[in-house]
> 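After the structure tokens below, expect a handful of questions from me.
Because the structure is predicted, anything quoted here is derived from the model rather than measured. Residue numbers start from 1 in every chain, and the chains themselves are labelled A, B, ... in the order their sequence lines are given, proteins ahead of strands.
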Number of protein chains: 4
Amino acid sequence: MDNKRKKRKKIIEVSLKLFVERGFHGTPTSMIAKESGVATGTLFNYFKTKDILINEVYKDIELEQQNYFFKNLDEEKNSKKKLKKIWENSIIWRINNPYKRRFGRYFSDSSFISDDTKIEIYKHYKPLSDIFTKIIEKKGIKNSNELMLILNFIGACIFTGEYFYIMKEPYNEKISNESFEKFCKGIGLKDED
Amino acid sequence: MDNKRKKRKKIIEVSLKLFVERGFHGTPTSMIAKESGVATGTLFNYFKTKDILINEVYKDIELEQQNYFFKNLDEEKNSKKKLKKIWENSIIWRINNPYKRRFGRYFSDSSFISDDTKIEIYKHYKPLSDIFTKIIEKKGIKNSNELMLILNFIGACIFTGEYFYIMKEPYNEKISNESFEKFCKGIGLKDED
Amino acid sequence: MDNKRKKRKKIIEVSLKLFVERGFHGTPTSMIAKESGVATGTLFNYFKTKDILINEVYKDIELEQQNYFFKNLDEEKNSKKKLKKIWENSIIWRINNPYKRRFGRYFSDSSFISDDTKIEIYKHYKPLSDIFTKIIEKKGIKNSNELMLILNFIGACIFTGEYFYIMKEPYNEKISNESFEKFCKGIGLKDED
Amino acid sequence: MDNKRKKRKKIIEVSLKLFVERGFHGTPTSMIAKESGVATGTLFNYFKTKDILINEVYKDIELEQQNYFFKNLDEEKNSKKKLKKIWENSIIWRINNPYKRRFGRYFSDSSFISDDTKIEIYKHYKPLSDIFTKIIEKKGIKNSNELMLILNFIGACIFTGEYFYIMKEPYNEKISNESFEKFCKGIGLKDED
DNA sequence: CATGAATGAGACTTCATTCAT
DNA sequence: TATGAATGAAGTCTCATTCAT
């Protein structure tokens, strides 16, 4: 029984790698099966179609990612610290999971991922928007555009991460923090907020 | 002779649309040909292979985009104004060219685009890095990380643009400028710089 | 397992016939598959490409042919008798296998057959050259040109066979032997040699 | 007007080379046109179809070949000398025209050459059979098989020629003659015949 | 006559999926 | 449940031939 779990996991991992390296249509199911150590027919016992398979890969990655992003968030008391935690977690996760990072980039927005899957995943980002809701409330910034704030945060975060990717450098807290502080300065977020 | 130009243009446009909507392998060359109003064989007179075709689509988009981004840049005297111009141009371009925006997102980083093509395109972004070189010089910020500054700029710019995309709103100078000013405040860029 | 053998054999036979009748490029793989009673895709499970297929056809023919040419050769004591055996075997084989005869004629020297295949096949003709080596030794004919002798033998043999082909007659030992004796007389090979 | 002749000749020569090197279906008409220095469409002004083209190539080669084989034949008085002349001419011709030699080997018997063409060509070999008719008459060999004699001659002749081809040696009268004499000895043909 | 862009049938080959074992 | 041979629709690309210029 647990064996089944392992096989499923293996197929997901192999698919992730191959889809990223070769594209969806560039990866035959026979190749996934072979690298996963199962017969072609067996693959379809685990995932009825190739389309279902890539959606499951996506869900697995997203859930794992979100768990990591928002992990131990309650330990932090104020908003800036919470944001910093998310900032760091997400950059580190992307550095440590280059294949998953690329998978998101190529497929998260694509037509391979069904709308149902996208909606299901979207819900889990609530913790992030909660933080910005609270910031706006606390700082009494009326008319402030919450969505724009969130987007700016995500943009700064992702592109700071890209830096380490481009430079092929390991994560560096100092560099990352400089970037984070610039973002906070920009939106006027103080240490005590 | 001009007829050939037009046909080529038509094929590029149709390919762009279909690749974005259906993916590379999801778009048969026969479909591209049909929608372009030429025979299957004719397509291959213009582009020897499907791979070459998608690379040409990419190049066409990038060159057009870069022309737009950096257009009339010399009219602006100082760095902040130059950046503002690029900021606006790029957001507007992405709003006005949703298919090209999505094409970049899906394919710019993918293995469909050859390394040769990527390198060729990369060179044209020099005007942007020149601006940041000058900013760093003028403000005497030693040890400043130019690449990180550029990435932060691009991130802020793209994600500000995403806002209009998600909200399905037309471009709004006020909203865009608020975002831009936050970015400048973050890196300490003044009006007179 | 045995079923696979049979299918492979069937495809080889059908290919042989069609390649001879219609040429390599004149024979679509779909036609080979259909006449072999398998699906188009199945053909490629057995032979990865059409090029590999024709090389396998060639190898199969050559090996079968050589087995037949040199069969029971050890029973004969002297060189002339050995040559006679090969002479007869090869003519009879060509009469009984008209398609294989034509296949050799059209393709053995062509660019469809890879150099690797040709070299692999060439090695198996050693028994024939061994006989001529011994003849030259025994008859003490110094300076004799072994290769020329072999070529003359093959030429006489093949063109004697052509006689039956052109006349559409069955094999006739008397006629064949007259030709053989002329060849022996020409090179001075006696019954006791 | 003479210009047309030259162009026709050029196309024939290019076709010969390409058909031998790449096979009939492996040679696009566009490639023949290009290497011949004419436009694709022009080719079809000279030869209505590709099939007609290869038949014309074949006829050109055969006529040239036969002219060479039987040239100055009347100068020789007796049969052996006539045969020797043909023997030499044909071997030399094949050495000097390796492409034409291969063309014959690949295509003379193939389905690319129409039956009409083959029959037309066959007629021109009468001078050779005349010689053997006379030999049989003169030597009073009843029951002798004329066709078999001719075939043996052709076989010996071609395979003697193959010797020089395989050895990549230039023509050598002594070696060639040894072979010829063996053939004559075999059929009992004397110098005075 | 010469040109070469356009045509579209047809070639080889791949691959998601099924099913008998 | 696992297997992997078989399927055949569908994909990319070629090429003999035509025809407007």
> Applying side-chain contact (heavy atoms from CB on, under 4.5 Å) between C/L16 and each of C/R102, C/K100, C/E21, report the one that passes.
C/K100

> How far apart are the closest heavy atoms of C/F107 and C/I113, and which atoms are they?
O-CG1, 3.2 Å

> Could you give the NZ-to-P distance, from A/K6 to F/dA2, as a whole number of Å?
15 Å

> Have a look at B/K9 and tell me which of B/K7, B/R5, B/E13 forms a side-chain contact (heavy atoms from CB on, under 4.5 Å) with it.
B/E13

> Return the value, rounded to whole Å, for the distance between atom CZ of B/F47 and atom P of F/dT14.
15 Å

> Which whole-number value in Å describes the distance from D/L18 CG to F/dC15 C1'?
15 Å

> If I compare all heavy atoms of C/I121 with all of C/L63, which pair ends up nearest, and what's the gap?
CD1-CD2, 4.3 Å

> Take N1-N3 plus N6-O4 or O6-N4 for Watson-Crick, N1-O2 plus O6-N3 for G-U, both under 3.5 Å. Which runs of 3 or more such pairs involve DNA chain F?
E:2-21 with F:2-21

> Rounded to whole Å, please give me the gap between CG in A/N3 and C1' in F/dT1.
11 Å

> With heavy atoms under 4.0 Å as the rule, sort B/K34 into base, sugar-phosphate or nothing.
nothing

> Have a look at A/E56 and tell me which of A/R8, A/K50, A/K48 forms a salt bridge (Lys or Arg N to Asp or Glu O under 4.0 Å) with it.
A/R8

> List for me each residue that meets side chain to side chain contact (heavy atoms under 4.5 Å, CB included) alongside A/Y68, sequence neighbours excluded, and say none if there are none.
A/K71, A/N89, A/I92, A/W93

> In the 5'-to-3' direction, what one-character label does each nucleotide of nucleotides 13-21 of chain E receive under the scheme B = base within less than 4.0 Å of a protein heavy atom, S = sugar-phosphate only, - = no such atom?
BBSBBB---

> Atom CZ of B/F112 and atom P of F/dT12: how far apart are they, to the nearest Å?
12 Å

> When rounded to the nearest Å, what value does the distance between C1' atoms of F/dT21 and E/dC1 take?
13 Å

> To the nearest Å, give me how far apart NZ (C/K4) and C1' (F/dT3) are.
13 Å

> Rounded to the nearest angstrom, tell me the gap between atom CD1 in A/I11 and atom P in F/dT3.
10 Å

> F/dT1, OP1 or OP2 - any side-chain N/O from A/Y46 closer than 4.0 Å?
no

> So, the side chain of B/T117 versus the backbone of B/N55: is there a donor-acceptor pair under 3.5 Å, distance only?
no

> What are the two closest non-hydrogen atoms of A/A33 and A/L43, and how far apart are they?
CB-CB, 4.5 Å

> Between D/E120 and D/Y58, is there a side-chain heavy-atom distance shorter than 4.5 Å?
no

> Within the pair C/K7 and F/dA6, is there a side-chain N or O less than 4.0 Å away from OP1 or OP2?
yes

> Give the rounded distance in Å between these two atoms: CG of D/L43 and C1' of F/dA16.
10 Å

